[in-house]
Colleague: 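After the structure tokens below, expect a handful of questions from me.
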Amino acid sequence: MTLVGEGRQPQHGGTETVKDPLVELYDEAAAELEKEQSSLIITDESQDKIPEAPTSQLEKGPAKGFACLAPPQEESTQNPNQYIIDKLKELRSIYESKQGDTDTFKVFNLNKVIGDLSRVKHKITTRAQALKLQGSGAKTADKIMEIIATGELQRIQAEDTEEYRVCKLFAGIYDVGAKRAHQWYGMGLRTLEDVEKHKEEIRLTRNQSIGLKYYNDLQERIPRAEASAIFDKIRETAMTLDGNATVYIMGSYRRGEQTCGDIDLLLTRDPTDGITHAGMLHKLLDRLHEQGILTDDLVIPPDNRALEQKYMGVGRLPPDGKMRRIDILAIPYDQKGAALIYFTGDDLFNRSIRLLARKKGYSLNQRGLYGGVGRDTKGKKLSEGTIIASKTEKEIFDVLGVPWREPHERRRK
DNA sequence: TGGCAATACTG
DNA sequence: CAGTAT
DNA sequence: GCCA
């Protein structure tokens with residue numbers, strides 16, 4: 001066991017050559033890591049040999065567009081394009097609240113642009129520069145130029161309607177998305193009080209009621225120190241159940257962010273003594289309820305003996321902390337690496353690295369990296385394939401030729 | 001012009 | 001299956 | 001919305 005010392009490592013593994021002109025940046029980033037977060041996350045990254053890559057579709061590494069291959073973002077320095085980023089985020093928020101299929105991908109695309117924009121260190125002033133950003137085409141470049149020229153974006157003002165605002169309010173309720181939000185708007189609802197008042201007619205689900213009940217608390221970010229305190233309590237409780245339990249805190253906390261959207265925990269246990277964590281999650285949940293840490297369950301794992309389970313719920317720092325979203329993922333010990341990647345995110349990084357895996361003939365999910373995956377002509381998965389790597393993050397990164405990225409380097413901002 | 005990550009739960 | 005969530 |  002080493003403390004977060006997954007270690008930095010060569011630029012690429014496997015057979016691919018990912019050219020990376022900014023190697024120095026990695027070293028700088030590495031030098032400035034080793035922060036408080038380290039002490040809490042214990043990752044056992046044993047150095048297993050890396051299996052050979054399957055016959056790859058790609059001769060040379062993908063040239064661009066993979067956030068997981070891009071150099072880490074600079075810390076602290078105020079971004080010179082912040083005002084552009086802010087406007088694009090507003091636009092993204094509008095697309096998010098729409099229902100159409102294409103809107104989803106506009107969001108997807110804007111995420112790329114915003115990601116690249118927050119990574120770029122020079123101020124964008126020309127259309128040519130705007131066009132160079134990843135995910136930025138003619139339309140986006142025009143928008144960026146408009147923001148530069150006027151400080152505004154007409155598109156935003158046009159779409160900033162009552163319906164948009166109300167739907168955004170509704171979609172803040174857990175288990176309410178764009179569809180239901182617009183549906184309720186169409187029924188004439190305008191406020192959270194309206195929703196409460198008409199809960200029978202609109203057949204508010206159990207989870208939506210919970211989401212509504214704690215609306216304000218759940219909208220708030222969680223201070224890092226509080227997340228840490230909740231994590232400590234839960235870990236202690238787990239340790240009383242089984243001294244060999246392993247509990248990690250993941251998500252935005254592991255990425256080193258100062259506030260977290262929710263608390264993501266990972267639960268597992270080294271089975272070398274013949275004992276697994278089977279059944280442990282349910283016991284843990286019971287204790288956490290007794291302790292007043294957990295107050296409401298959103299999704300309880302159906303099979304309490306399974307090694308892989310996902311719990312979603314609401315809880316707080318007792319006795320009277322604000323209500324927080326808490327997820328606990330139990331996973332088989334040997335899938336720790338893949339689970340760490342999945343649960344650490346961020347989502348853009350995950351999508352990027354999964355896309356890269358697929359392009360190289362693998363498939364990556366929360367359980368591991370698979371080779372020999374059968375896919376139809378459209379890329380739809382037909383067969384599972386065989387597991388290639390899953391124990392450590394590094395092992396998976398190596399096979400994919402992804403330069404090592406510390407958790408705090410996996411965020412787009 | 002089709003694809004854009006991959007998977008699980010609820011009603 | 002549609003919708004939501006991670 | 002962008003890109004292969």
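Proteins come first, then strands; the chains are lettered A, B, ... in the order of their sequence lines, and each starts at number 1.
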Colleague: Can you tell whether the side chains of A:E409 and A:R255 come within less than 4.0 Å, N to carboxylate O?
Modeller: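 Looking at A:E409 and A:R255, the cut-off is not met.
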Colleague: Expressed in angstrom and rounded to an integer, what is the separation of A:I210 atom CD1 from C:dA5 atom P?
Modeller: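 Going from A:I210 (CD1) to C:dA5 (P), I get 13 Å.
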Colleague: Where the side chain of A:R358 is defined as all heavy atoms beyond and including C-beta, which of C:dT4, D:dG1, B:dC4 is the nearest nucleotide?
Modeller: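 Closest of the options to the side chain of A:R358: B:dC4.
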Colleague: What is the distance, rounded to the nearest whole Å, between atom CG of A:L355 and atom P of B:dG3?
Modeller: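 Between P of B:dG3 and CG of A:L355: 14 Å.
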Colleague: From the list D:dG1, B:dA5, B:dT7, which nucleotide is the closest neighbour of the side chain of A:R351?
Modeller: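 Of the candidates, B:dA5 comes closest.
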Colleague: Between A:Q366 (CD) and B:dA5 (C1'), how many Å, whole number?
Modeller: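 Going from CD in A:Q366 over to C1' in B:dA5 covers 10 Å.
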Colleague: Please measure how far the P atom in B:dC4 lies from the corresponding atom in C:dT6, and state the result in whole Å.
Modeller: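 Straight-line distance between the two P atoms is 23 Å.
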Colleague: Any salt bridge between A:E146 and A:K139, counting N to O under 4.0 Å?
Modeller: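 Salt bridge flag = no for A:K139 with A:E146.
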Colleague: Between A:K89 and A:D86, does any NZ, NE, NH1 or NH2 come within less than 4.0 Å of an OD or OE carboxylate oxygen?
Modeller: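 The answer is no: the pair does not qualify as a salt bridge.
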Colleague: If you only use heavy atoms from C-beta on, which nucleotide in B:dT7, B:dC4, C:dT6 is closest to the side chain of A:R325?
Modeller: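 Ranking B:dT7, B:dC4, C:dT6 by closest atom to the A:R325 side chain puts C:dT6 first.
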Colleague: Contact class for A:S136 vs. all strands (heavy atom < 4.0 Å): base, sugar-phosphate, or nothing?
Modeller: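 Sugar-phosphate: the residue A:S136, judged by heavy atoms under 4.0 Å, touches backbone atoms but no base.
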Colleague: Could a donor-acceptor pair under 3.5 angstrom be found where the side chain of A:Y174 meets the base of C:dT4?
Modeller: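 Between C:dT4 and A:Y174, which were checked side chain against base, a qualifying N/O pair under 3.5 Å is absent.
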Colleague: What I want to check is whether the side chains of A:E163 and A:H182 have a donor and an acceptor closer together than 3.5 Å.
Modeller: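 The answer is yes; a qualifying pair exists.
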Colleague: Counting side-chain heavy atoms from CB outward, which of C:dG3, B:dT7, D:dG1 is closest to A:K106?
Modeller: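 Closest nucleotide among those given: D:dG1.
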Colleague: Can you figure out which of B:dT7, C:dT4, B:dA5 approaches the side chain of A:F108 most closely?
Modeller: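 The answer is B:dA5.
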Colleague: Hey, are the side chains of A:L267 and A:Y248 touching, using non-hydrogen atoms and a 4.5 Å cut-off?
Modeller: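 With C-beta onward as the side chain, the pair stays apart.
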Colleague: When all nucleic acid strands are considered with a 4.0 Å heavy-atom cut-off, which category describes A:D347: base, sugar-phosphate, or nothing?
Modeller: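 Nothing: the residue A:D347, judged by heavy atoms under 4.0 Å, touches no strand.
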Colleague: Taking 5.5 Å and 30° as the limits, would you call A:F343 and the base of C:dT6 a stacked pair?
Modeller: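 It does not: the two rings, one from A:F343 and one from C:dT6, miss the stacking criterion.
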Colleague: Determine the contact category for A:K143: base if any of its heavy atoms lies under 4.0 Å from a base atom, sugar-phosphate if only primed atoms, P, OP1 or OP2 are that close, otherwise nothing.
Modeller: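 Contact class for A:K143: sugar-phosphate only.
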Colleague: If you check every side-chain atom of A:Y342, which of D:dG1, C:dT6, B:dT7 has the closest atom?
Modeller: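 Shortest atom-to-atom distance from the side chain points to C:dT6.
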Colleague: Mind calculating the distance between CZ (A:R206) and C1' (B:dC9) to the nearest angstrom?
Modeller: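 Whole-Å distance recorded here is 12 Å.
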Colleague: Taking the minimum atom-to-atom distance to the side chain of A:R354, which one of B:dA5, C:dT6, B:dT7 wins?
Modeller: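 Looking only at side-chain atoms, A:R354 lies closest to B:dA5.
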Colleague: Between B:dA6, B:dA5, D:dC2, spot the one nearest the side chain of A:S363, thanks.
Modeller: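 Within the option list, the nearest is B:dA6.
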Colleague: State which of B:dA6, D:dC2, C:dG3 makes the closest approach to the side chain of A:K179.
Modeller: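 It is C:dG3.
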Colleague: A:Q183 CD to C:dA2 P: how many Å, rounded?
Modeller: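 In whole Å, C:dA2 P and A:Q183 CD are 15 Å from each other.
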Colleague: Which part of the nucleic acid does A:V176 contact within heavy-atom distance under 4.0 Å: base, sugar-phosphate only, or nothing?
Modeller: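 Sugar-phosphate contact only - A:V176 comes under 4.0 Å of backbone atoms but never of a base.
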Colleague: Base, sugar-phosphate, or nothing for A:K381, non-hydrogen atoms under 4.0 angstrom?
Modeller: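 Sugar-phosphate: the residue A:K381, judged by heavy atoms under 4.0 Å, touches backbone atoms but no base.
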Colleague: At under 4.0 Å between heavy atoms, what does A:L364 touch on the DNA or RNA strands: base, sugar-phosphate, or nothing?
Modeller: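 A:L364: backbone/sugar contact only, no base atoms under 4.0 Å.
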Colleague: Considering only B:dG11, B:dT7, D:dG1, which nucleotide approaches the side chain of A:N109 most closely?
Modeller: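 Comparing B:dG11, B:dT7, D:dG1 against the side chain of A:N109, the answer is D:dG1.
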Colleague: With heavy atoms under 4.0 Å as the rule, sort A:A357 into base, sugar-phosphate or nothing.
Modeller: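 Answer is nothing: A:A357 stays at 4.0 Å or more from every strand.
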Colleague: Using distance alone, with no hydrogens and no angle criterion, decide if A:Y95 and A:T104 have a side-chain donor and acceptor under 3.5 Å apart.
Modeller: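 No, because no side-chain N or O of A:Y95 sits under 3.5 Å from a partner of the opposite role on A:T104.
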Colleague: Heavy atoms only, 4.0 Å cut-off, all strands: where does A:R180 land among base, sugar-phosphate and nothing?
Modeller: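 Contact class for A:R180: sugar-phosphate only.
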Colleague: Whole angstroms only, please: what is the CE-C1' distance between A:M250 and C:dT6?
Modeller: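 Value for this atom pair: 12 Å.
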Colleague: When you compare B:dT7 with D:dG1, how far apart are their C1' atoms, in angstrom units rounded to a whole number?
Modeller: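 So the two C1' atoms sit 25 Å from each other.
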Colleague: With heavy atoms under 4.0 Å as the rule, sort A:N350 into base, sugar-phosphate or nothing.
Modeller: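 Since no nucleic acid heavy atom lies under 4.0 Å of A:N350, the category is nothing.
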Colleague: Check this for me, if you would: do A:D242 and A:K283 make a salt bridge, where the nitrogen-to-carboxylate-oxygen distance has to be below 4.0 angstrom?
Modeller: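 Not counted as a salt bridge, because no side-chain N and carboxylate O are separated by less than 4.0 Å.
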